[in-house]
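Take a look at the structure set out below.
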Amino acid sequence: MLLQDDRIRLRALEPEDAEAMYRWENDTTLWRLGDTTRPFSQAAIREFIADASLDLYAARQMRLMIDLRATGETIGCADLFDFDPLHRRAGIGMLIYERKMRRQGFATAALQLLAEYAFGHLEMRQLWADIPLSNEASLRLFARAGFEDSGVKRAWIRAAEGTGYEDVRFVQLLRPER
């Protein structure tokens, strides 16, 4: 079945996801990885969830929640963002929020499912990600998934300590030839 394997399921956002998303989006330790500079209100989160039903071509982004099939527990999310329909590419992001759920293969499975969906169902040509050089776990994750190193963006994001800037590795995965 599309968007699931024996352990996890990727699913659309539901109104019940607002509490978890509010916590994740307002975790200031994650802000430097994106473009967030201020807290999100609960109203803004509810609006984001309501807009999530928009078509990828209209919204230019899609968030899927990662659920454990055995328990139904939501452990993170997987994003397609900056969707470019002309060039058929998108950025891809992955979050397993709770540390105790990391290093168990859930992000690997989610990344594989989302890539299969993007290439097979959406007929995209390319997925890409920006990964801070200090995020060794994510660098390994994307390398295992077949993403190729395409360069380094120098001093691209603020360093975690808030002083100075950090380099980011740009990785890409091209659709397998058929």
Side-chain angles (χ1 to χ4, degrees), residues 2-5 7-11 13 21 24-25 27-37 52 56-57 59-67 74-99 101-178:
L2 194 63
L3 294 174
Q4 69 179 20
D5 66 12
R7 297 177 55 200
I8 66 163
R9 170 176 68 118
L10 302 182
R11 63 164 176 82
L13 289 171
M21 283 188 52
W24 301 344
E25 295 293 344
D27 182 341
T28 58
T29 64
L30 301 174
W31 285 6
R32 70 186 191 87
L33 301 175
D35 296 328
T36 304
T37 58
L56 177 64
Y57 287 84
R60 300 287 198 260
Q61 65 181 350
M62 178 176 65
R63 172 165 289 175
L64 298 172
M65 302 304 275
I66 304 170
D67 287 353
T74 301
I75 61 169
C77 59
D79 293 332
L80 291 177
F81 60 92
D82 290 345
F83 173 60
D84 182 334
L86 176 63
H87 300 292
R88 307 202 64 76
R89 66 177 171 239
I92 189 167
M94 195 70 46
L95 173 68
I96 303 296
Y97 188 73
E98 299 293 337
R99 288 196 182 283
M101 301 308 290
R102 296 177 187 168
R103 297 184 168 271
Q104 297 184 45
F106 298 127
T108 300
L111 185 56
Q112 180 179 350
L113 289 169
L114 190 52
E116 288 171 2
Y117 175 76
F119 293 138
H121 185 74
L122 299 174
E123 298 182 1
M124 287 190 190
R125 284 186 50 257
Q126 180 182 137
L127 296 172
W128 59 268
D130 288 328
I131 306 167
L133 293 183
S134 63
N135 191 340
E136 294 176 12
S138 286
L139 290 168
R140 285 190 304 272
L141 166 69
F142 280 85
R144 276 194 313 270
F147 281 70
E148 295 180 4
D149 181 359
S150 294
V152 173
K153 297 177 178 181
R154 299 286 177 209
W156 198 252
I157 62 172
R158 290 188 70 139
E161 306 81 39
T163 58
Y165 287 82
E166 181 176 358
D167 294 348
V168 167
R169 184 157 313 281
F170 179 70
V171 296
Q172 298 172 285
L173 181 64
L174 301 178
R175 182 174 73 193
E177 295 299 322
R178 298 174 192 217

Residues in side chain to side chain donor-acceptor pair (under 3.5 Å) with Asp67, at least two apart?
->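 For Asp67 the side chain to side chain donor-acceptor pair (under 3.5 Å) partners, ignoring immediate neighbours, are Arg9, Arg11, Thr74.
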Look up atom [atom1] in [X] and atom [atom2] in [Y], then write down how far apart they are to the nearest 0.5 Å.
X: Glu148; Y: Leu173; atom1: CD; atom2: CG; answer: 8.0 Å
X: Leu10; Y: Met62; atom1: CG; atom2: CE; answer: 9.0 Å
X: Ile66; Y: Arg7; atom1: CD1; atom2: CZ; answer: 11.5 Å

Ring pair (Phe, Tyr, Trp, His ring centres under 6.0 Å) partners for Phe83, two or more places apart =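 Partners of Phe83 under the ring pair (Phe, Tyr, Trp, His ring centres under 6.0 Å) test: Tyr57.
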Without placing hydrogens or testing angles, list every side-chain donor-acceptor pair under 3.5 Å for residues 152-159, not counting sequence neighbours.
residue, atom, partner, partner atom, Å
Lys153, NZ, Asp130, OD1, 3.1
Lys153, NZ, Asp130, OD2, 3.1
Arg154, NH1, Asp167, OD2, 2.8
Arg158, NH2, Gly162, O, 2.9

Looking at Trp128 versus Phe81, is the centre-to-centre ring distance below 6.0 Å?
-> yes
Does the pair Glu136/Arg169 count as a salt bridge with the N-to-O cut at 4.0 Å?
-> no
Side chains of Phe147 and Leu127 in contact at under 4.5 Å (non-hydrogen atoms) = yes
Residues in side chain to side chain contact (heavy atoms under 4.5 Å, CB included) with Leu30, at least two apart?
-> Asp27, Leu33, Leu95, Tyr97
Quick one: list whatever passes side chain to side chain contact (heavy atoms under 4.5 Å, CB included) with Ser150, sequence neighbours left out.
->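 By the side chain to side chain contact (heavy atoms under 4.5 Å, CB included) rule, Ser150 matches Phe170, Gln172.
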Can you give the donor-acceptor pairs under 3.5 Å from side chains of residues 107-118 to other protein atoms, not counting sequence neighbours?
residue, atom, partner, partner atom, Å
Thr108, OG1, Arg144, NH2, 3.2
Gln112, NE2, Glu116, OE2, 3.1

Run the side-chain contact (heavy atoms from CB on, under 4.5 Å) check on Met124 and Leu80 step by step: do they pass?
-> CA-CA 11 Å; Met124 287 190 190; Leu80 291 177; 4.0 Å; yes
